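Keep in mind that the numbers below use all heavy atoms, side chains included, and drop hydrogens, waters and symmetry copies. All figures in this text were calculated on a predicted structure; none of them were measured in a lab.
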Amino acid sequence: MRPFFRAPDAAPTPVPAKAAVPALMLQGTCSNAGKSLLTAAVCRLLARRGLRVAPFKAQNMALNSFVTEQGEEMGRAQALQAVACGLPADARMNPVLLKPTSHVGSQVIVLGRPVGQMRVGAYLRYKPEAWKAVRRAYRELSSGMDVMVLEGAGSPAEINLRAHDIVNMRMARHAEAHVLLVADIDRGGAFASLVGTMSLLGRADRARVAGYVLNKFRGDASLLDPALEAVSRRTRRPFLGVMPMLEDLRLPEEDSVSFKLGITPGLGAADGGRPAAPDCLDIALVDLPHISNFTDLDALRAEADVRLRIVRHADELGAPDAVILPGSKNSIADMRFLRRTGVAEALRGYAERCRNRGALVGICGGLQMLGQSIADPLGLEEGGLEPGLDLLPLRTELGGAKLLRRTGGRALAGLAGEELAVRGYEIHHGRSVPAEERPGGAGGMPLTPVMTDEAGRTLGWGLPGADGAARVWGTYLHGVFDADAFRRAFLNRLRRERGLAPRTGTVYSLGPELDRLADAVEANLDMAAIYAMLGL
């Protein structure tokens, strides 16, 4: 292990641990600095020491959410961190979740339940109530733990937001947490960001910063030594490590930042539909402005014989083996986007071509867009009635009550050639029904249930192709491809249609990847100093 740079007079524990529960907080100099995964890694290391540890993020803004066994919604990053701790996901780990529905408004979820759609001004007025919920959640959650690992959001130095802060330094003060400041060196400007962040913090908040972590470094870390020493001397804070870029780490993304930048591991840019190798399946994922829960595809991209690529323009679709239309937090706006960019017409053309081979799959909002129409009488998204792709005879109406539940069920034989168990979660306002079952519905199309829950309720519908297999289908079940047997059967059906031999698939599990991440953090961060500041 290479040495870590410490300022000559920097105390290793600048803030005495006054709280009943020792707490460490990872904050960043910017969004997407890697705080979420580093938090998960530290949680994993503490849990491996036999400590009772829980993650906490007071307020999260993300379109990737998770539903707990209690039917509560929370940020997916904190659900992953809970797995790292060996705990079930608990909405108290992320008491406030903001899910943007437009550039100026979000759905606000508090302690797992939606409390309304709010624009910025309305949410600022609501913030005192949100802060009460945050403090209550932290008090209850931490009471049964040996140590807490907190995560900040964005940067603590956004001085225009400081008065309303409930997730960065205000939360650190409340938890009496030692703060590690994380900078993303891959994007450039990391040293200036660290120095600038410290200069913009107040004196008491600067004192709370125990040290720095440089994240996502490529190359020989010894080349950084002069800069590390200079910044340590200037700010009187130590560097506690330099984390290398972990290129092929396959863990769920916190939000869509990396996805939108095209740097999500395992996702390639579009190249006209050419698979990476002759025996590799080509699966296209349609990007959407309001894409949500694209982690539904994580298990697919973990398969060695799958090349999952992003499609953003009609001319990028090509002739893939399958197309996935993912979830959306604003399916009406995203349907308009598909129509405006020509992707809608390209998808209709693909659906016509895949009568005997391939599949067009919609998940949640994607299912709604495959249908005839989406109605929004309450104005939850855009309001009004929007035509869909008209590939499934379904009509969707967005209602006020949000359905949140963990769900198990069966994928019927039309999807993968045999009936197989699936499990995941539902999270939607929409209610979809076959058009022929609605008064005045068009009817006349052979819509077939393709997925049911344990009580026999329909979770998905499809249209059979010439061979009886569902070629265009959709489901409300997030995480449907996480089921190993179903995923492999679905992929092997696509392989047979290409004249390829079936394969044995992988076992999709987060545990080994979390351990690999934790091992990398243990090897590159001064964990002894971190344990010491926590009194462990």
message = For a side-chain contact (heavy atoms from CB on, under 4.5 Å) check, start with the C-alpha distance between Glu72 and Val67, then their side-chain angles and the critical distance, and finish with the verdict.
response = CA-CA 5 Å; Glu72 297 168 335; Val67 177; over 6 Å; no
query = Is the backbone of Pro320 close enough, under 3.5 Å, to the side chain of Tyr350 for a donor and an acceptor to pair up by distance?
reply = yes
task = Identify whether the distance between the nearest side-chain nitrogen and carboxylate oxygen of Arg503 and Asp279 falls below 4.0 Å.
result = yes
Flag for Tyr476-Ser432: side-chain donor and acceptor within less than 3.5 Å = yes
inquiry  = For the CZ atom on Arg136, are there more than 12 heavy atoms of other groups (residues, nucleotides or ligands in this structure) within a distance under 6.0 Å?
reply    = no
request  = Report yes or no: does Thr68 contribute a side-chain atom to a donor-acceptor pair with the main-chain N or O of Gln70 at less than 3.5 Å?
outcome  = yes
key: Side-chain heavy atoms of Arg336 within contact of Glu382, under 4.5 Å   = yes
Glu454/Arg410 ion pair, N-O < 4.0 Å = no
request  = Could you walk me through whether Gln81 and Arg76 pass the side-chain contact (heavy atoms from CB on, under 4.5 Å) test, one step at a time?
outcome  = CA-CA 9 Å; Gln81 292 159 6; Arg76 192 167 186 95; over 6 Å; no
inquiry  = Working note: Leu308 + Leu297, criterion side-chain contact (heavy atoms from CB on, under 4.5 Å); need CA distance, chi angles, decisive distance, verdict.
reply    = CA-CA 8 Å; Leu308 188 64; Leu297 287 303; 3.7 Å; yes
query = Would you say Phe56 and Val134 make side-chain contact, with heavy atoms under 4.5 Å?
reply = yes
task = Please round to the nearest 0.5 Å and tell me the distance separating atom CG of Asp334 and atom CD1 of Ile291.
result = 8.5 Å
ask   = Roughly how far, to the nearest 0.5 Å, is the NE2 atom of His478 from the CG atom of Asp296?
value = 5.5 Å
ask   = When rounded to the nearest 0.5 angstrom, what distance separates CG in Asp90 from CE in Met74?
value = 7.0 Å
message = Any carboxylate oxygen within less than 4.0 angstrom of a Lys/Arg side-chain nitrogen, looking at Arg493 and Glu497?
response = yes
ask   = Can you tell me if Asp453 uses its side chain to pair, donor with acceptor, with the backbone of Ala455 under 3.5 Å?
value = yes
task = Measure the shortest side-chain to side-chain distance between Leu367 and Leu325 over non-hydrogen atoms and say whether it is less than 4.5 angstrom.
result = no
ask   = How long is the gap from OG1 on Thr407 to CE on Met451, to the nearest 0.5 Å?
value = 11.0 Å
remark   = Distance col, row Met171:CE vs Arg135:CZ, nearest 0.5 angstrom, shows 10.0 Å
message = Tell me which pairs pass salt bridge (charged side-chain N to carboxylate O under 4.0 Å, His left out) where either residue lies in residues 477-490, with sequence neighbours left out.
response = Glu303-Arg487, Glu303-Arg488, Asp305-Arg488, Asp484-Arg487
ask   = With no hydrogens and no angle check, is any side-chain donor or acceptor of Arg406 less than 3.5 Å from a backbone partner on Gly71?
value = no
query = Looking at Arg423 and Glu69, does any basic side-chain N land under 4.0 Å from a carboxylate oxygen?
reply = yes
Heavy-atom check, side chain of Leu317 versus side chain of Val343, under 4.5 Å = no
ask   = Does the side chain of Lys57 come within less than 4.5 Å of Met93's, by heavy atoms?
value = no
message = For Phe486 and Trp473, take the angle between the two ring planes, folded into 0 to 90°, and tell me which bin it lands in: parallel under 30, tilted 30 to 60, perpendicular over 60.
response = perpendicular
request  = Find the distance between CG (Leu251) and OG (Ser36) and round it off to the nearest 0.5 Å.
outcome  = 11.0 Å
task = Would you kindly say whether Glu386 and Ser373 are connected by a side-chain donor-acceptor distance under 3.5 Å?
result = no
inquiry  = For a 4.5 angstrom cut-off between non-hydrogen side-chain atoms, does Leu391 reach Leu463?
reply    = no
ask   = Does a side-chain N-to-carboxylate-O contact under 4.0 Å join Glu426 and Arg405?
value = yes
key: Among Ser292, Ser65, Ser106, side-chain hydrogen bond (donor to acceptor under 3.5 Å, both in side chains) partner for Lys99   = Ser65
message = Determine whether Asp287 and Val311 satisfy the following criterion, side-chain contact (heavy atoms from CB on, under 4.5 Å), listing intermediate values before the conclusion.
response = CA-CA 6 Å; Asp287 190 8; Val311 170; over 6 Å; no
ask   = Distance only, no hydrogens: is a donor on one side chain within 3.5 Å (strictly under) of an acceptor on the other, for His429 and Gln368?
value = no
query = Would you call Asn293 and Tyr425 a side-chain contact if the rule is heavy atoms closer than 4.5 Å?
reply = yes
ask   = Would Asp321 and Arg357 pass as an ion pair if we require N to O under 4.0 Å?
value = yes
key: Flag, side chain of Arg339 to backbone of Pro387, donor-acceptor distance under 3.5 Å   = yes
query = Under 4.5 Å between any side-chain heavy atoms of Val422 and Phe481, yes or no?
reply = no
